[in-house]
There are 2 protein chains.
Amino acid sequence: MNLDVAPLKKVSLSKQVADQLQEAILDGTLKADDRLPTEEELGQRFQVSRPTIREALKRLAAKNLIRSRRGPTGGTFVNHLDANELSDSLSTASTLFVSMNDISLEEVSTCRKELETLCFQLACDHASNDDIKNMEIALNTQEDPSISPEAFCAADVQFHRAIADATGNRMLSFVMYSLIEGLQPVANMIAYHYRAREVIINQHQRILENIKERDTNTAISVLHEQIDYLSQLHNEAQSNHQQKG
Amino acid sequence: MNLDVAPLKKVSLSKQVADQLQEAILDGTLKADDRLPTEEELGQRFQVSRPTIREALKRLAAKNLIRSRRGPTGGTFVNHLDANELSDSLSTASTLFVSMNDISLEEVSTCRKELETLCFQLACDHASNDDIKNMEIALNTQEDPSISPEAFCAADVQFHRAIADATGNRMLSFVMYSLIEGLQPVANMIAYHYRAREVIINQHQRILENIKERDTNTAISVLHEQIDYLSQLHNEAQSNHQQKG
DNA sequence: TATTGTTAATTTGTCTTACAAATATAACTT
DNA sequence: AAGTTATATTTGTAAGACAAATTAACAATA
């Protein structure tokens with residue numbers, strides 16, 4: 001007799017409640033902006049205590065699936081789950097992946113060259129006027145000399161996202177977001193170097209110009225120039241760090 | 001006077017605690033398998049009650065950053081955060097993105113053709129013997145006639161992941177995971193069709209053979225054949241659904 | 001009539017207290 | 001040596017109480 005056994009595992013009540021509510025969101029039973037029953041009612045329906053419901057709701061909140069507000073018109077609501085809402089999950093996952101698995105910048109750069117090359121090709125073909133405007137907005141923000149380092153990073157991410165969006169394929173945009181988010185530590189490094197900022201801004205200006213003119217090959221070669229520049233910058237920073245260390 | 005104001009926002013104590021603990025994980029203060037102080041101690045350190053700590057910990061658990069166990073050697077531990085651990089976050093995000101934004105199979109298929117074509121090129125160049133073995137294991141699982149639909153889906157995902165891993169670039173693998181996870185609903189559809197299973201298995205066998213022989217172009221054309229087959233299958237299922245509906 | 005101020009009701013957020021469940025280890029028994 | 005039991009510890013769940021935030025309704029005032 002061949003008896004396959006799996007390890008027994010008791011799942012906590014709060015996780016079971018969270019999983020069921022998540023399934024209701026996934027299968028469309030609960031829609032964006034729907035209001036969930038009060039914590040008291042949920043406790044009665046699931047036959048568990050209110051703190052258990054609260055713990056379940058915190059699980060969902062951590063995944064950005066829901067939000068809560070106090071007051072007579074308050075309650076717990078299902079979030080809109082477009083790419084912006086989901087980007088926090090992506091950001092966390094990507095950042096953790098890169099930092100806790102010692103992913104080198106070279107590995108990220110190689111991946112980036114492959115995927116962003118593809119994005120640039122599609123963006124040159126498909127970019128609408130709105131897409132171009134979004135790139136311009138991000139670039140204008142980056143060009144502001146009084147911008148804080150944090151805002152410079154955010155604008156950098158926004159510029160690359162705008163290009164991903166210009167591919168016209170939402171799934172591809174979404175997948176690219178996790179790559180772009182994984183670059184945050186690098187963007188952080190740039191933001192504090194004013195000379196590096198100038199170089200990046202200049203490259204983004206040229207990229208935008210080439211996308212407007214639908215000149216794919218030149219846009220891609222500027223991209224590669226930027227990726228190599230970042231690698232070099234990072235290597236120099238590492239050397240300086242070792243000399244000081 | 002030009003007065004820029006941002007909406008005031010009070011962040012709940014449980015979120016503040018969770019954010020601080022997450023930052024400690026991200027900045028390396030807390031490492032994989034580290035044991036956090038007990039809930040009682042955390043409450044004393046953060047000067048909040050134990051239920052507030054528990055709510056914060058549920059936020060982290062939902063992101064797979066920690067796990068808990070009862071008993072004298074139990075406690076709360078930081079998870080290893082390799083791609084497998086992070087794939088749950090990715091899976092949720094991708095599935096939600098696809099289902100709640102009405103992403104069509106065509107959009108997913110177009111994206112998949114572009115990205116998996118790239119993966120196949122790199123995998124044919126870089127696949128090691130271990131990589132090939134992982135593909136074989138996944139395919140062997142899929143070929144088992146007694147396999148449950150759920151396990152067939154899991155093996156399907158595993159096969160595609162093995163190919164992504166064979167590219168030799170961990171960042172690319174990671175990014176591909178979110179695409180592969182977004183295909184889950186489609187894989188679910190296949191798993192209940194025994195004839196479709198045979199077709200998929202045959203295609204995977206041919207793909208594996210071509211990767212072993214480093215024949216990139218043929219592997220890619222089989223991939224495209226599979227993607228088109230899935231689209232056709234999905235369209236037929238939609239037509240049947242409309243006639244019944 | 002329009003604006004400002006006050007009050008009441010509602011829901012989530014936090015806290016205190018108590019006990020249960022799971023778990024590993026030490027001690028005891030066979 | 002193997003099996004059983006008791007113990008201590010930590011997380012999991014529950015009950016009860018009160019605070020904070022918020023909106024709607026109502027009152028007062030210009």
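Per chain, numbering begins at 1; letters A, B, ... match sequence-line order.
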Under 3.5 Å, which donor-acceptor pairs do the side chains of residues 68-78 of chain A form with other protein atoms, sequence neighbours left out?
from    : atom 1 : to      : atom 2 : distance (Å)
A/Arg69 : NH2    : A/Thr73 : O      : 3.3

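Position along DNA chain D of the nearest nucleotide to B/Thr76 versus B/Pro51 favours B/Thr76 as the more 5'-ward residue.
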Checklist entry - Between A/Thr167 and A/Asn169, does a side chain to side chain donor-acceptor pair (under 3.5 Å) hold up when you go through it step by step? => result CA-CA 5 Å; A/Thr167 62; A/Asn169 186 305; 5.9 Å; no
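A search for ring-ring contact (aromatic ring centres under 6.0 Å, His included) contacts involving A/Tyr177 returns nothing, not counting sequence neighbours. Partners of B/Ala151 by side chain to side chain contact (heavy atoms under 4.5 Å, CB included), not counting sequence neighbours, listed by chain and number: B/Ile147, B/Ser148.
Closest heavy-atom contact between B/Leu81 and B/Asn64: CD2-O, 3.5 Å.
Residues B/Leu21 and B/Leu65 are not in side-chain contact: their nearest non-hydrogen atoms beyond the backbone lie 4.5 Å or more apart. Looking at heavy atoms from C-beta onward, A/Val175 lies out of side-chain contact with A/Leu115 at the 4.5 angstrom threshold. Residues B/Ile201 and B/Phe152 are in side-chain contact: their nearest non-hydrogen atoms beyond the backbone lie under 4.5 Å apart.
Heavy-atom contacts from other residues, nucleotides or ligands closer than 6.0 Å to CZ of B/Arg67 number more than 12. Other residues, nucleotides and ligands contribute only 12 or fewer heavy atoms inside 6.0 Å of the CG atom of B/Asn129. Other residues, nucleotides and ligands contribute more than 12 heavy atoms inside 6.0 Å of the CD atom of A/Glu23.
Looking at B/Lys15 and B/Asp19, a side-chain N of the basic residue comes within less than 4.0 Å of a carboxylate O on the acidic one, giving a salt bridge.
Near DNA chain D, meaning a heavy atom under 4.0 Å away, there are no residues from residues 15-24 of chain A. Listed in residue order, the members of residues 30-46 of chain B having a heavy atom less than 4.0 Å from DNA chain D are B/Arg35, B/Thr38, B/Glu39. Of the residues in residues 56-63 of chain B, none has a non-hydrogen atom less than 4.0 angstrom from any atom of DNA chain C. Listed by residue number, the members of residues 64-74 of chain B with any heavy atom below 4.0 angstrom from DNA chain C are B/Arg70, B/Gly71, B/Pro72, B/Thr73.
Among residues at least two apart or in separate chains, salt bridge (Lys or Arg N to Asp or Glu O under 4.0 Å) pairs with a member in residues 131-153 of chain B are B/Glu136-B/Lys212. The salt bridge (Lys or Arg N to Asp or Glu O under 4.0 Å) contacts involving residues 34-43 of chain A comprise A/Glu39-A/Arg50, A/Glu39-A/Arg54, where partners must be two or more places apart or lie in separate chains. Sequence neighbours left out, not one pair with a member in residues 92-105 of chain B passes salt bridge (Lys or Arg N to Asp or Glu O under 4.0 Å).
Once you apply a 4.0 Å limit to the heavy atoms of chain B, the touched nucleotides of DNA chain C run 5' to 3' over C/dT14 to C/dA24. First and last contacts of DNA chain D with chain B, using any nucleotide atom under 4.0 Å from a protein heavy atom and ordered 5' to 3', fall at D/dA8 to D/dA21.
A donor-acceptor pair under 3.5 Å is absent between the side-chain atoms of B/Asn101 and the main chain of B/Ile103, judged by distance alone.
Note on ring orientation: taking the six-membered ring where Trp is involved, the planes of A/Phe159 and A/His204 are parallel (angle under 30°, cut-offs 30° and 60°).
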